Amino acid sequence: MSFEKKSLNCDILVAGGGIGGLSFAVSIKERMPETDVLVIEKQTAGYSGKANKGGGVLQYFDPEKVQPIDFLKLHVKEIGCYLGDQDMMLRYVAMNKEMIDKLSEWGVSIPRDENGRYRVMPTGPMTAMIRADLDITVQVRRRAEKLGVRFMDKTALSDLLTDGGRIAGAAAFSIIDGTFYVIQAKAVVLATGSQNYRIGSMWSSGRGDGIAAAYRAGAEMRNAEFGNFAQLAKVKSHHEVVFGENNMYNAQGEFITRNFRKTRETDISSTAIREWYVQMKSGKGPIHLEFGEGHPGPGASALQDRLRDQSYGQRFREFNESSAAEVDTDLEVCPLFIGEQSPVCVGHDMQTTVAGLYAIGDCSYCGSGAPGAVPAPPGRNRGSGILNAVFAALVCAESIADSGLSDGAKVDMAQAEACRERLFAPLERNEGTSAKEVIALVQKAMAPVEQSVFMSKDRMELAMQYIKKARELSGKMKAEDLHDLLSCHEAEAMVLSAEMHFFASDIRKESRGWFLREDYPDMDNENWLKWIIVKNVNGEMTYTTRDIPIEKWPVRP
Amino acid sequence: MINTAHRIEFFPEKCVGCQLCYKACFVDVIRWDPEAKKPVFKYVSDCEHCFCCQAVCRKDAIRVIPDYSSEHLLQSFERYA
Ligand SMILES: Cc1cc2nc3c(=O)[nH]c(=O)nc-3n(C[C@H](O)[C@H](O)[C@H](O)COP(=O)(O)OP(=O)(O)OC[C@H]3O[C@@H](n4cnc5c(N)ncnc54)[C@H](O)[C@@H]3O)c2cc1C
Ligand code: SF4
Ligand code: SF4
């Protein structure tokens, strides 16, 4: 099969048209209107990604009540467990109002009260939330188009192209007609989301191929072991029950939440997932939720009713909820593995360790260091996903505007050709494994929570057997068509993410925050106030550790 | 999810060819037929039952019918495999 090849040019290439990529595109055009910005999106920018498939909840900090340092103290102690970059977290909290104002200015509908102030619902002593309509990304795309940003939909980034350690551009392909694009750019912004392994429905756009492209290009990864988020879900509809962990009962009617939680916590914890597994293993399952008389039921539905938007978001929720209600005859729950690996390592300017390559939003949330010992988003910090993407976008645009774009790097056509051959190889094979066989093996390693969330050496080894097999088969995949070719490309990325997860998890010999090992149950501040950095060195997965500069930060153990 | 058995009902007579469903599908289940100016539900076994296509269609030309039993949570206990 042969497809057209085309060369393109732009100043800044943005890969991924979710809320992160779109916010960056708008923000950089506001700062540098003459810059030629091209967004490539695997599906359709403005509709794809995650921000329009969730709650639309934006975390809100009332500047009159909450100082950034106060929230930082809570976060570092209870959520990030001393592993977070405190400078980043402080800055994130301090920019809260600016970010929400920006979204509103860009056309996102955010409910206001009769005095024109945002309608805010308090959720805890320090936290509150407001809610954006779910057409959020469509609105920001429209804004970007008005500012002259160019878009290419149904175009997937396949590889990053470098020139002597600096970014030179990227290779991409059309999933509709197979055109292979070589795109020369002065800077590339990865906004391709996280890795979710195609397990949870709504999370399915997170397939990690942007992360894999960065890894292949030699960018460092940080906190890869914190890509194991899981949530309780109803067994029949698989719909998630946010905050359900506070109401867990076993088959004997014992209230098992009390085994892992003495007081209310900010959100689901890995200890709730562990408890489910321990109960099931000792024959005390199934596990179900119970809510007292008069309780509004699972989730924050009372809040939802009051803040409910009327438009697209309401239709989306109603279709989902009413369809699930037809099958949900009880409240039996089990974990839904979600993943959320977001390891691309970036500095305070959102630049990766490859000069000129930036990473924002879900692909670098944990890699930024900001959330600490927790998979993010949501990172036990509800309403931080969308805003972290906006935060990273604004910071990235500011740093590019401040430093300017450097010319120098040139695309090496031989490098691009090698990428093309590798990418299209599954279409050339007459026989081979299907992408789905490979993905199924990765899922067998990642989904069972005793392998990926409540870990131990022997169970991780079992998981690695599946990954080894998946790795072997991934070199022999056969694609039927371009849709399938994309699946092959994604399957390869899933194998890599899973490898990184177990590689880094094996190294971290402690338990910290969300990270749980049965064989190392305690937090070890003596030896493990460290980030694990994973890197591709000549095709070999290697690691180093980096001490956390805890002495320069305000909150210490 | 992979290999799901969700179904999608399409009522072509109601469809006005606005392309919104095609844009809304975030996992490439829906392709566009430029001649017929209608969506083609081409890769239905990849459908995630997100309901986005149905929610954007203001002509009620699409109905998503989830088969939840075809989705697997993949936990080790048989009941949840
Ligand atoms: C069910 C659910 C509920 C949620 N609820 C909330 C909430 O209430 N509040 C909140 O703040 N956050 C919530 N989140 C999280 C939040 O939506 C995300 O953190 C945020 O949208 C991430 O934005 P992003 O742009 O970084 O990534 P994404 O939204 O994942 O966008 C990445 C984009 O990149 C594209 N892409 C991927 N690979 C490639 C490639 N190779 N080439 C080109 N394009 C590519 C994808 O198609 C996608 O459009 C929720 C998420 C889910 C799934
Ligand atoms: S959204 Fe509805 S009207 Fe528009 S193309 Fe799709 S089916 Fe037709
Ligand atoms: S329900 Fe979602 S995944 Fe399925 S076809 Fe519609 S938009 Fe695509």
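For clarity, every value in this text was computed on a predicted model and none was experimentally measured. Residue numbering restarts at 1 for every chain, and letters A, B, ... go by the order of the sequence lines.
- Judged by distance alone, the side chains of B/Y68 and A/S323 do bring a donor and an acceptor atom under 3.5 Å apart.
- Within the 4.5 Å cutoff, side-chain heavy atoms of A/R315 are placed close to those of B/R58.
- Taking A/G46, A/S237, A/G49, A/S48 one by one and counting their heavy-atom pairs under 4.5 Å with chain B, the maximum is reached by A/S237.
- Proximity to chain A is limited to the backbone of B/C57, based on heavy atoms less than 4.5 angstrom apart.
- Counting heavy-atom pairs closer than 4.5 Å to chain A, the top residue among B/I65, B/L20, B/D46, B/N3 is B/D46.
- When heavy atoms are compared at a cutoff of 4.5 Å, A/K154 approaches chain B solely by way of its side chain, counted from C-beta outward.
- Residues A/S201 and B/E71 approach most closely at OG-OE2, 3.2 Å, considering heavy atoms.
- Chain B forms the most heavy-atom pairs under 4.5 Å with one residue out of A/K42, A/R207, A/M280, A/M202, and that residue is A/M280.
- Of all the listed residues (A/D153, A/N320, A/N52), the one sharing the greatest number of non-hydrogen pairs under 4.5 Å with chain B is A/N320.
- Ranked by heavy-atom pairs under 4.5 Å with chain B, the list A/G200, A/P286, A/G285 is led by A/P286.
- A heavy-atom distance below 4.5 Å is not found between the side chains of B/P66 and A/F319.
- Using a 4.5 Å cut-off between heavy atoms, A/V449 contacts chain B through both its backbone and its side chain.
- Listed here is the closest heavy atom pair of A/Y312 and B/C52: OH-SG, 3.5 Å.
- Heavy-atom distances place the side chain of A/D481, and not its backbone, under 4.5 Å from chain B.
- When side chains are defined from C-beta on, B/Q75 does not count as touching A/V235, because their heavy atoms never get closer than 4.5 Å.
- Using a 4.5 Å cut-off between heavy atoms, A/I175 contacts chain B through both its backbone and its side chain.
- At least one side-chain heavy atom of A/Q443 sits less than 4.5 Å from a side-chain heavy atom of B/I2.
- A/E490 does not touch chain B: none of its heavy atoms, backbone or side chain, sits under 4.5 Å away.
- Summarising the geometry of B/L73 relative to A/A447, their closest heavy-atom pair is O-CB, 4.0 Å, with the distance given to 0.1 Å.
- The distance from the CZ atom of B/F51 to the CZ atom of A/F316 is 9.5 Å, given to the nearest 0.5 Å.
- Within 6.0 Å of NZ in B/K14 there are more than 12 heavy atoms belonging to other residues, nucleotides or ligands.
- With respect to chain B, the highest number of heavy-atom pairs below 4.5 Å among A/R198, A/K436, A/H483 belongs to A/H483.
- Between B/F77 and A/W276, the ring planes lie perpendicular to each other; the angle is over 60°, past the 30° to 60° tilted range.
- Looking at B/C25, the atoms closer than 4.5 Å to chain A (heavy atoms on both sides) all sit in the backbone: N, CA, C or O.
- For B/V64, no part lies under 4.5 angstrom from a heavy atom of chain A.
- Counting heavy atoms from C-beta on, the side chains of A/Q43 and B/D28 come closer than 4.5 Å.
- Annotation: the span from A/T44 atom OG1 to B/Y22 atom OH amounts to 6.0 Å, rounded to 0.5 Å.
- The side-chain heavy atoms of A/P335 and B/Y80, taken from C-beta on, include no pair separated by under 4.5 Å.
- Chosen from A/E326, A/Q451, A/K53, the residue pairing most often with chain B at heavy-atom distances under 4.5 Å is A/K53.
- A search for ring pair (Phe, Tyr, Trp, His ring centres under 6.0 Å) contacts involving A/Y197 returns nothing, not counting sequence neighbours.
- Contacts with chain A were tallied for B/H72, B/H49, B/Q54; B/Q54 has the most, counting heavy-atom pairs under 4.5 Å.
- Neither the backbone nor the side chain of A/A45 has a heavy atom closer than 4.5 Å to any heavy atom of chain B.
- Under a cut-off of 6.0 angstrom, the local environment of CD in B/E78 is sparse, with at most 12 non-hydrogen atoms contributed by other residues, nucleotides or ligands.
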